[in-house]
Amino acid sequence: MNIQMEDSMMSSRQKGTTAIAAVLSVLTLTTMSACGKVDSSKASGNVSIACSQQEDFCQAITKAFAKSSGIKTTYVRLGAGEVLARLATNPGEFDVWAGGQAENHLLADDKGWIEHYVPKNTTTLPTEYKDAKGIWTGFYTDSIAFCSNTSELKKKGTKAPTSWNDLLTDNLKSSVAMPHPATAGVGYMAMYTQALLHGGDQQAAVDYFKKLNGNVMQYSKSAATGTEQAGRGEVTVAIALDSDCQKAIKAGYSDLKTTYPAEGTGYEVGALSVLKNARNKASAHTFADWLMSTDAQDLYAGVPSFAAPTNPKAKISKDVLKQDTIKKVNWDVRKAADARDAFIKSFESEVASSKDAK
């Protein structure tokens, strides 16, 4: 299996470090002091968060919540797969899981690790962003996009892709980056999107990626890796979340451009769950209520995560791509979660293995 297993983030991300630090400083001094008015009667105790969002956002939300609530707040930044592994071995380690696709929270619930809790401040939340039983509640969303290096496109005499079939052109031989479905949610989302575009046909999705295989330079561990590769010109196009592409652009990769497949794309609902074995249950509920508040969701306007908040009353930064103008497939979180293992096995046996054999 040809997966790029990187031990650390690319040093090129340092291009955006100064800007991020400045934003976080402002948040600490101003936004946090006003954000999320929490009942002072609950201002005690601790809360431990498994955070599957970008590092700078994890820092901001924990600092803001601690400031507004008086609750000692700690977090560990982990990918969704890593959280599932930690819950299996130490189910009481965290009180709350914040971030990661809703499908992963459903998988955790299937194992009995989630407490069904409906946070306050969610009555106006669109139905596609919440689970009626309180298994998960969506607090951000973004979509699969094509993140292209315009200079490399020009060299190859081609345009930014606006269709899934555009990625199959001979001009993009070994020039596409894609995250592996087994290690990055976006990779699986791309597979499931293809199935939905073919009437739910799993084999049709696998056949598409067999065709794409020759144009993929390598299957990376994360979607963000692909956007950086595109930014440096190592690949021409990356299949990635639009928020990751936008973050790379703001970090200094000015040649990048975001486009979407006209026939439809998949999208992510980043979810929040209270964990059943939480040691600090009251604090976990308080955090969940706060995160869905308008004040807390307004943090997206100041922290460069570039995903869109789900709260319809929240501020949206001018740098966040509008999600309501994108053509999306009819996503079903439960079906996507149930199909995941079968899709990944097919990808590993029929797609990635053939690349290894070359």
Side-chain angles (χ1 to χ4, degrees), residues 1-4 142-181 184 186-199 201-242 244-246 248-249 253-267 321 325-329 343 346-348 350-358:
M1 187 186 304
N2 187 13
I3 307 174
Q4 180 182 353
D142 43 18
S143 300
I144 301 174
F146 305 136
C147 188
S148 303
N149 186 306
T150 54
S151 295
E152 293 300 312
L153 288 170
K154 187 175 181 180
K155 290 177 186 177
K156 289 178 169 54
T158 190
K159 297 180 180 179
T162 56
S163 166
W164 288 101
N165 285 335
D166 288 347
L167 298 182
L168 304 179
T169 177
D170 291 341
N171 289 346
L172 294 178
K173 188 74 172 178
S174 299
S175 297
V176 176
M178 177 180 163
H180 197 289
V186 183
Y188 172 61
M189 286 168 63
M191 286 200 76
Y192 192 65
T193 297
Q194 278 298 313
L196 292 176
L197 291 173
H198 289 87
D201 189 336
Q202 176 180 326
Q203 190 57 48
V206 174
D207 290 343
Y208 171 83
F209 287 103
K210 283 182 180 179
K211 296 175 184 176
L212 181 64
N213 198 36
N215 283 3
V216 175
M217 184 183 76
Q218 62 184 168
Y219 296 106
S220 62
K221 182 180 179 182
S222 72
T225 297
T227 60
E228 292 179 351
Q229 289 174 325
R232 293 191 297 270
E234 295 169 7
V235 297
T236 304
V237 182
I239 299 173
L241 291 172
D242 51 8
D244 283 335
C245 192
Q246 190 68 3
I249 292 170
Y253 293 118
S254 58
D255 285 341
L256 293 179
K257 178 181 181 179
T258 302
T259 56
Y260 299 93
E263 59 268 49
T265 194
Y267 66 97
L321 298 169
T325 61
I326 302 166
K327 184 176 180 180
K328 300 175 183 179
V329 295
F343 271 85
S346 295
F347 184 88
E348 290 178 328
E350 298 185 52
V351 181
S353 61
S354 65
K355 180 170 283 292
D356 290 341
K358 292 180 180 179

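- Counting only residues at least two apart or in different chains, disulfide (SG to SG under 2.5 Å) contacts with residues 146-175 comprise Cys147-Cys245.
- Contact record, Pro181 with Met191: CG-SD, 3.9 Å, taken as the closest heavy-atom pair.
- Contact check for Leu167 versus Asn215: no side-chain heavy atoms found under the 4.5 Å cut-off.
- The distance from atom CD of Gln246 to atom CG of Leu321, rounded to the nearest 0.5 Å, is 4.5 Å.
- Tyr208 is linked by a side chain to side chain donor-acceptor pair (under 3.5 Å) to nothing, counting only residues two or more places apart in sequence or in another chain.
- Side-chain contact between Thr193 and Leu196: absent, with no pair of heavy atoms (C-beta onward) separated by less than 4.5 Å.
- Between atom NE2 of residue His180 and atom CD of residue Glu348 there is a gap of 5.0 Å, rounded to the nearest 0.5 Å.
- Considering only residues two or more places apart in sequence or on other chains, Lys210 meets the side chain to side chain contact (heavy atoms under 4.5 Å, CB included) condition with Gln203, Val206, Asp207, Glu350, Val351.
- Using a 4.5 Å heavy-atom cutoff, the side chains of Leu168 and Leu212 are in contact.
- The OG1 atom of Thr236 lies 10.0 Å from the CE atom of Met217; values are rounded to the nearest 0.5 Å.
- No side-chain donor-acceptor contact under 3.5 Å links Asp244 to the backbone of Ala240.
- A pairwise comparison of heavy atoms in Lys173 and Gly214 identifies CD-O, 3.6 Å as the closest pair.
- Closest heavy-atom contact between Val329 and Gly264: CG1-C, 4.1 Å.
- With sequence neighbours left out, Thr150 forms a side chain to side chain contact (heavy atoms under 4.5 Å, CB included) with Asp255, Lys257.
- A donor-acceptor distance shorter than 3.5 angstrom exists from the side chain of Thr227 to the backbone of Ala224, with no hydrogens or angles considered.
- Judged purely by distance below 3.5 Å, without hydrogens or angles, the side chains of Glu263 and Ser163 pair a donor atom with an acceptor atom.
- A heavy-atom distance below 4.5 Å is found between the side chains of Ser346 and Gln202.
- Identified under the ring-ring contact (aromatic ring centres under 6.0 Å, His included) test for residues 156-177, with sequence neighbours left out: Phe146-Trp164.
- Applying the 6.0 Å contact sphere to NZ of Lys159 captures no more than 12 heavy atoms from other residues, nucleotides or ligands.
- Put simply, the side chain of Gln229 reaches to within 4.5 Å of the side chain of Gln218, judged on heavy atoms.
- Separating the CD atom in Glu228 from the OG atom in Ser220 is a distance of 10.0 Å, to the nearest 0.5 Å.
- Take Lys155 and apply the salt bridge (Lys or Arg N to Asp or Glu O under 4.0 Å) test, not counting sequence neighbours, and it matches Glu152.
- Looking at Leu256 and Ser148, their side chains never come closer than 4.5 Å, going by heavy atoms from C-beta outward.
- Thr265 places no side-chain N or O within 3.5 Å of a backbone atom of Pro261 that could act as its donor or acceptor partner.
- Between Tyr219 and Phe209, the gap from one ring centroid to the other reaches at least 6.0 Å.
- Residues Asp242 and Tyr260 have side chains in contact (heavy-atom distance under 4.5 Å, counting atoms from C-beta outward).
- Atom CG of Leu153 is separated from atom OG of Ser175 by 9.5 Å, given to the nearest 0.5 angstrom.
- One finds the CD atom of Gln194 at 10.0 Å from the CZ atom of Phe343 (value rounded to the nearest 0.5 Å).
- Judged by distance alone, the side chains of Asn149 and Tyr253 never bring a donor and an acceptor atom under 3.5 Å apart.
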